[in-house]
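Below you'll find the structure, written out as structure tokens, and then a few comments.
So that the names make sense, note that chain A is the first sequence line, chain B the second, and so on, each numbered from 1.
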2 protein chains.
Amino acid sequence: MGINRDTLGRKPRTRIQKKNTEAILDAALDVFSQYGFRGSTLDQIAKAAGLSKPNLLYYFPSKVAIHRALIDELMQNWLDPLRKMQADGEPVEEILAYVLRKLEMAREFPRESRLFANEIVQGAPNIMDKIEGELKTLVEEKAAVINGWIASGALAPVDPYHLIFSIWSTTQHYADFDVQVRGILKPEGDAHFKDAEAYLDTLFRRMLTPQAG
Amino acid sequence: MGINRDTLGRKPRTRIQKKNTEAILDAALDVFSQYGFRGSTLDQIAKAAGLSKPNLLYYFPSKVAIHRALIDELMQNWLDPLRKMQADGEPVEEILAYVLRKLEMAREFPRESRLFANEIVQGAPNIMDKIEGELKTLVEEKAAVINGWIASGALAPVDPYHLIFSIWSTTQHYADFDVQVRGILKPEGDAHFKDAEAYLDTLFRRMLTPQAG
DNA sequence: TCAAGGTTTGACCATTTGGTCAAGGGAACC
DNA sequence: GGTTCCCTTGACCAAATGGTCAAACCTTGA
């Protein structure tokens, strides 16, 4: 009999549970982010986690349960950088700080970015509700903030939605399309992220800085 | 016995072959672009093409063969917009025209874009050679053109590689992350592409137009 | 130390999957 | 009309896959 999921919830009861659930989620992140949900197998995940398949299924009741656990965890953190964009800051700097936070996340958490990308590209079968729910709400909220900044003259006029899309796409590109970027630039490690940072800073600064006069 | 692939090559011999290979490739584009290679099945493709599985395998020897045929066809057309960016044009307008061509492709050929995205996100197992080959060569060539434009003063100084990456990511975003975009904007059909066009035109125009003085 | 409960696994199962094959059904050219 | 080659399919196969289960193995706390 598997673990009582009702009582497990977020907090593993024992040391072993903690270690193994973490190992499983880490391994699953590796596998799912590389092959997508349907392209990943329990055997792959079990092997990557150093467990037997039945043992893996002792901790999670099914393949989808593992995936859901990952996605839930991811959605918690993924929107944090956007949430931190505050209306009371200096507009251009607030947005640029957001851009850099997103780029930093693409560098530090490329697997999470690719897990998300895989899910969206394939039609977001498991997170459509979250997209139309908390994500949409948050974006609308921040779009209003941006429109407020524009009205105050502190920001050049710009469609806030497409601005946000362009921030997402340009930053996540360095995680999601990593192999392409590396295939073209042939960088040493993460060296190209410095250039990307400078480029994106310029790109969005020029876009957003209001023109005098 | 299946079709003689040596003689088939690009040109189907008969009417029926033409019709069926086209139906298969179209169906396969649907399926592969949605589920990725490993997540797609021959049954799905056969059903979508209106053929039985053995019949499908009469035209293509294996699953990978179908995928390879698609990818090969795709790579032919995918780089055309970039190739069309000519050194003898007006720099800012040349690049902006490229941006709009890419956006147009994202709207007209989202399946192709997603097929490509799926392939790259999952590590580009089948096209790494093309990335490090013709793609890299073409990008380097165009980066040189852009650097020439910058040297002539007709273009603001900018890292040409990251410029190209940002053009790819912002435009393809509307195909690859289509469900997310639609989940947030809730547009009527393709109405949001007009706004995207205006936004990207502004974004890159501001980035690229050299500052007087 | 011993019981109770937590952990691990080999064997197993039904289904799905990529792929084969032989035989039958058509189109087309003579 | 008949022959030749093209096309189609039902039946089949081996391997892979998600998942189950009972039995055995550990930990831990009294």
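- In this structure, the CG atom of B/Leu57 is 12 Å from the C1' atom of D/dT8, given to the nearest Å.
- Annotation: cation-pi pair A/Lys130/A/Trp78 absent, no NZ/CZ under 6.0 Å from the ring centroid and within 45° of its normal.
- Taking only side-chain nitrogens and oxygens, B/Asn20 comes nearer than 4.0 Å to OP1 or OP2 of D/dT8.
- The nearest whole Å value for the distance from the OH atom in A/Tyr59 to the C1' atom in C/dT9 is 12 Å.
- Side chain of B/Ile16, nearest nucleotide from D/dC6, D/dT8, C/dT7: D/dT8.
- Between B/Asp201 and B/Arg206 there is no salt bridge, since no side-chain nitrogen of the basic residue lies less than 4.0 Å from a carboxylate oxygen of the acidic one.
- Each end of the helix from C/dT1-D/dA30 to C/dC30-D/dG1 gets its own axis, taken as the rotation carrying the C1' atoms of four end pairs onto the next four within a five-pair window, and the two axes meet at 10° to the nearest 10 degrees.
- Within residues 35-55 of chain A, the residues that have a heavy atom under 4.0 Å from DNA chain D are, in order of number, A/Ser40, A/Thr41, A/Leu42, A/Lys53, A/Pro54.
- Taking atom OH on A/Tyr58 and atom C1' on D/dC25, their separation rounds to 12 Å, with Å as the unit.
- Less than 6.0 angstrom separates the ring centroid of A/Tyr174 from the ring centroid of B/His162.
- Using cut-offs of 30° and 60° for the angle between ring planes, the B/Phe165 and A/His173 rings count as tilted.
- Shown here are the side chain to side chain donor-acceptor pair (under 3.5 Å) partners of A/Glu140, two or more places apart in sequence or in another chain: A/Lys136.
- In summary, B/Arg205 and B/Glu93 engage in a salt bridge, as defined by a charged side-chain N under 4.0 Å from a carboxylate O.
- Taking every side-chain heavy atom of A/Lys63 into account, D/dG19 is the closest of D/dG19, C/dG18, D/dC7.
- Atom CZ of B/Arg15 and atom P of C/dA27 are 12 Å apart (whole Å).
- Rounded to whole Å, the distance from CG on B/Leu56 to C1' on C/dG18 is 11 Å.
- B/Trp168 meets the side chain to side chain donor-acceptor pair (under 3.5 Å) test with B/Tyr98; sequence neighbours excluded.
- Under the rule for a side chain to side chain donor-acceptor pair (under 3.5 Å), the partners of B/Lys186 that lie at least two apart in sequence or sit in another chain are A/Glu132.
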Do any side-chain atoms of residues 113-121 of chain A form donor-acceptor pairs under 3.5 angstrom with protein atoms, and if so which ones, sequence neighbours left out?
from	atom 1	to	atom 2	distance (Å)
A/Ser113	OG	A/Asp176	OD1	2.7
A/Arg114	NH1	A/Ala175	O	2.8
A/Asn118	OD1	B/Gln122	NE2	3.2
A/Asn118	ND2	A/Ser33	O	3.0
A/Asn118	ND2	A/Arg114	O	3.4
A/Glu119	OE2	A/Asn126	N	2.9
A/Glu119	OE2	A/Asn126	ND2	3.3

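- Here the P atom of nucleotide D/dT20 and the CZ atom of A/Phe60 are 15 Å apart, to the nearest Å.
- Side-chain N/O atoms of A/Gln17 include one lying less than 4.0 angstrom from OP1 or OP2 on C/dT7.
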